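Working notes, beginning with the structure itself.
No experiment lies behind these values; they were computed from the predicted model shown. In what follows, chains are A, B, ... by sequence order, proteins preceding strands, each numbered from 1.
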Amino acid sequence: MATNAIRALHPMTKFTFALFVTAAVIAVPSYLFAYAMFAALLVIAAAAGVLREFFAFVLKTLVVLLIIVFLMQLLFYPGDDIIGGWWVFTLTQEGLAYGLLLTSRILAIGSAFILFFRITEVKDFVKALENMGLPPAGAYVVLSTLQIIPEMRRQSNVIMDAQKTRGVETEGSVLVRAKAFLPTLTPLILSAIASTEERAITLESRAFSAPVNKTSLHTLERRPIDTGLIALFTIGAVALIVWRVAVWIL
Amino acid sequence: MTEIRLKGVSFAYPDGTKALEDLELTVRAGERVAIAGQNGAGKTTAVKLMNGLLRPTEGTVEVGDWDTKDRTTAQLSKKVGYVFQNPDDQIFHNEVIDEVRFGPKNMGFDEARTDELTAWAIGLCGIVKHGEENPYNLPYSMRKFVTVASVIAMDGDVVIMDEPTAGQDQVGLAILKDVLDELGRRGKTVITITHDMEFVAEHFDRLVIMANRRIIADGPASELFSREAVLKESMLKPPSAAIIAQSLGLPEGIIRRKQLEEHILAREPH
Amino acid sequence: MDPVIQLKNVSYRYPVGDEQVLKNVSLDIGRGKLVTIVGNNSAGKTTLCNLIRGFIPHFYKGDLEGSVLVDGEEIADAQLGQLAEKIGYVFQNPFIQISGVKETVFDEVAFGLENLGVPVDDIRRRVEDVLQLVKIDNLRNKNPFELSGGQRQRVALASIIVMDPDILVIDEPSSQLDPVGTEQVFDIIRLMKERGKTIVLVEHKMDLIAEYADELIVLADGEVKLHGPVREVFADPSYMALGIQYPHAAALALDLQEKGMELPFLPIRDEEVAECLARARRKEGRP
């Protein structure tokens, strides 16, 4: 069990928070607000003890995307308020503003979900979904896929070895290695298919389709603080959306 | 011909787990050697050093006049063929015949030689009638012979087999015997990892026993099977013939049924 | 005899096959017996296991004739999910026999009981018991994916035994294991027999069969050629024509007989040979 207070929260609490961030940055049309949200996420990550991993993952996955989106808006967004020009492009105030807003929102929403998966174990999240009515077969598919990926990577290395011993040169340039990788796909897929049947038999042997309600050793604790926080985030999100719609209509 | 020499070889995985310590082993050209020991003793690691799939962390491994650290596995495969324990780790074509042809083609043989070697290998392994089939549709024991055929078709000097008898019935064991005999006639070196001591007794003169990452005994099978301490440390059970011979008070060194029979018939009038 | 498994004139063909894999098989398997199925590859052994466990016709379709009864009930009428409590099934490949969703051996063994809806406290107690019984308590916190073949096979057995089925169908459990692993697995099988389970086992290693099994069913080309107490089947002259292995002691004795020695009985275990020869000697009035 996680001892950290934030990580110990119920997965649905954390998930509702991610949804709240999403609703908030969409409702509030201010890039400063959205960037502030990102700052808040950094603080939460630090409190949960995952700041480094979180920040590194955001850098790796979001930054290139953000730069591209920002430049596209800056260069192509239509507007009248010209603030400069570069080569054949005209840069407008509207483009700059929209670029900042859009990127700030992508950053906040993307990071909120990245943080969610950093501080929530997938098996806990799937368990929570199961508690809410996800069928066991669906939960199984999600969890087994996650476990099988490293297994397939191992298998791929073994097949690569088998090919080396049959005279395939796999040591050397990227091109040589890429060429050697392709033939591994066939056996990888074939053995995965072959094992599906055996896996199904394994599951049946363990009474997977028994017509009873399953029990579980793994339970999630839902404490008053979770109920409170979920209510808070939900009310917050709804309030912001109502406020936004009201402003928009009036 | 190709001699394999392991000199002062130790191996540790990148995470520091030791798998082999201070191995000294020479396998002469044309020899038949069985390597036995419990899982985790280091058998597979030892043979993977012989074809460059692993490189020693200490010591040297020589294959003929090559040092494995200067060669890629693909280059070493011209001399050393390796049949994996699990055929599913090795097979990657949709037709048996393509699978078997793959190796010799990579060796740079011309079309005629490739055809000749392929036909020889699948004939020897008893899979001629499955030539057009998908290896994945064949039963485990047959898939294993697909991998044996695809390795011997490469015509290297050394053939290494990992657990060839696992899951084989009487028919499969007879085919395996033919394969060993034919490889012997062609002067090939055969190195086998096996748990099957009957198989060792019938077909292998030399036995290397490993335990706890080391070679603890190396010599004629008939001699090692009567060494109590070695059997105890490696947790190996001698073949039936040796056990029965002992219960009858016959001399040590009997490991094959035929030998045992001769001794019994000589002693008991009939 | 109190037959717990009955097959009556069963023939079966897989959906993609042209030939019948089992032909007119009739069998009774008695309660509490350890019955071994032998036969060369593709004789129909695994198919027979699938039939007894109900995977045929519930999982594999194809043409099935005749009836398979377990405890007097037609298996085709049972529901696949309910059979797990009655018949445990362990098969050859130890690497695939894990749920793939559990992170520890403890949770892996508990998986079947969770699926059966057993209360959590009972699950914990039963898993603890089985971990002790199968001697894998030292593996309890390990990830099932990181175990060796032998360890996985024992975890697979434990995961089935924990559900406490009356019948165990075990298909070649030792073919991928080393001698120590094999011994551990057969220790478990013996223990299950002592607890009164009915066990149907497929195995190639005849010495193990001679040591552990009560009865032998010999399959060839999808037909039951012989069925009876182990000793009688090995001693049956028609067994030899089927080209299946003998236990080493029996193979030796048969060769000796062929060379003219008269033996009072057919030894099937290594330790019986000395006794057999001694009795032969006494019979001839020699010391």
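- Within the model, atoms CD of Glu198(A) and CZ of Phe91(C) stand 5.0 Å from one another, a figure rounded to the nearest 0.5 Å.
- In this structure, Ile96(C) and Arg199(A) approach most closely via the heavy-atom pair O-NE, 3.4 Å.
- The environment of CZ in Arg195(C) is sparse: at most 12 heavy-atom neighbours from other residues, nucleotides or ligands sit within 6.0 Å.
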Considering only distance and modelled atom types, tabulate donor-acceptor pairs under 3.5 Å from the side chains of residues 152-160 of chain A, sequence neighbours left out.
from	atom 1	to	atom 2	distance (Å)
Gln155(A)	NE2	Asp89(B)	OD1	3.3

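- Interatomic distance, Phe55(C) CZ to Glu197(A) CD, rounded to the nearest 0.5 Å: 10.5 Å.
- Crowding of Leu191(C) atom CG: a count of heavy atoms from other residues, nucleotides or ligands under 6.0 Å exceeding 12.
- A side chain to side chain donor-acceptor pair (under 3.5 Å) check over residues 109-118 of chain C, counting only residues at least two apart or in different chains, returns the pairs Lys214(A)-Asn115(C), Lys102(C)-Glu114(C).
- Residues of residues 79-90 of chain C that come closer than 4.5 Å to chain A, counting heavy atoms only, are Gln79(C), Leu80(C), Gly81(C), Gln82(C), Ala84(C), Tyr89(C), ordered by residue number.
- Counting heavy-atom pairs closer than 4.5 Å to chain C, the top-ranked of the candidates Ser209(A), Ala210(A), Ser205(A) is Ser205(A).
- Atom CG of residue Asp121(C) and atom CG of residue Leu217(A) lie 10.0 Å apart, to the nearest 0.5 angstrom.
- Neither the backbone nor the side chain of Leu146(A) comes within less than 4.5 Å of any heavy atom of chain C.
- For Ala207(A) against Met163(C), the heavy-atom pair with the smallest separation is CB-SD, 4.3 Å.
- With a 6.0 Å radius and a threshold of 12 heavy atoms from other residues, nucleotides or ligands, Glu194(C) has its CD atom above the threshold.
- The candidate from Val142(A), Val126(A), Leu143(A) with the greatest count of non-hydrogen atom pairs under 4.5 Å with chain C is Leu143(A).
- The number of heavy atoms from other shown groups lying within 6.0 Å of CG (Asn213(A)) does not exceed 12.
- Residues of residues 103-111 of chain C lying within less than 4.5 angstrom of chain A, judged on heavy atoms, are Glu103(C), Phe106(C), Asp107(C), Glu108(C), Ala110(C), Phe111(C) in numerical order.
- Residues Thr202(A) and Ile98(C) have side chains not in contact (no heavy-atom distance under 4.5 Å, counting atoms from C-beta outward).
- Atom NZ of Lys205(C) has more than 12 heavy atoms from other residues, nucleotides or ligands within 6.0 Å.
- Summarising the local packing, OH of Tyr14(C) is surrounded by more than 12 heavy atoms from other residues, nucleotides or ligands at distances under 6.0 Å.
- Taking a 6.0 Å sphere around NZ of Lys60(A), one finds it holds 12 or fewer heavy atoms contributed by other residues, nucleotides or ligands.
- When all heavy atoms of Ser99(C) and Arg206(A) are compared, the pair lying nearest together is N-NH1, 4.3 Å.
- For the pair Thr215(A) and Val118(C), the tightest heavy-atom approach, listed with the atom from each and the gap, is OG1-O, 2.6 Å.
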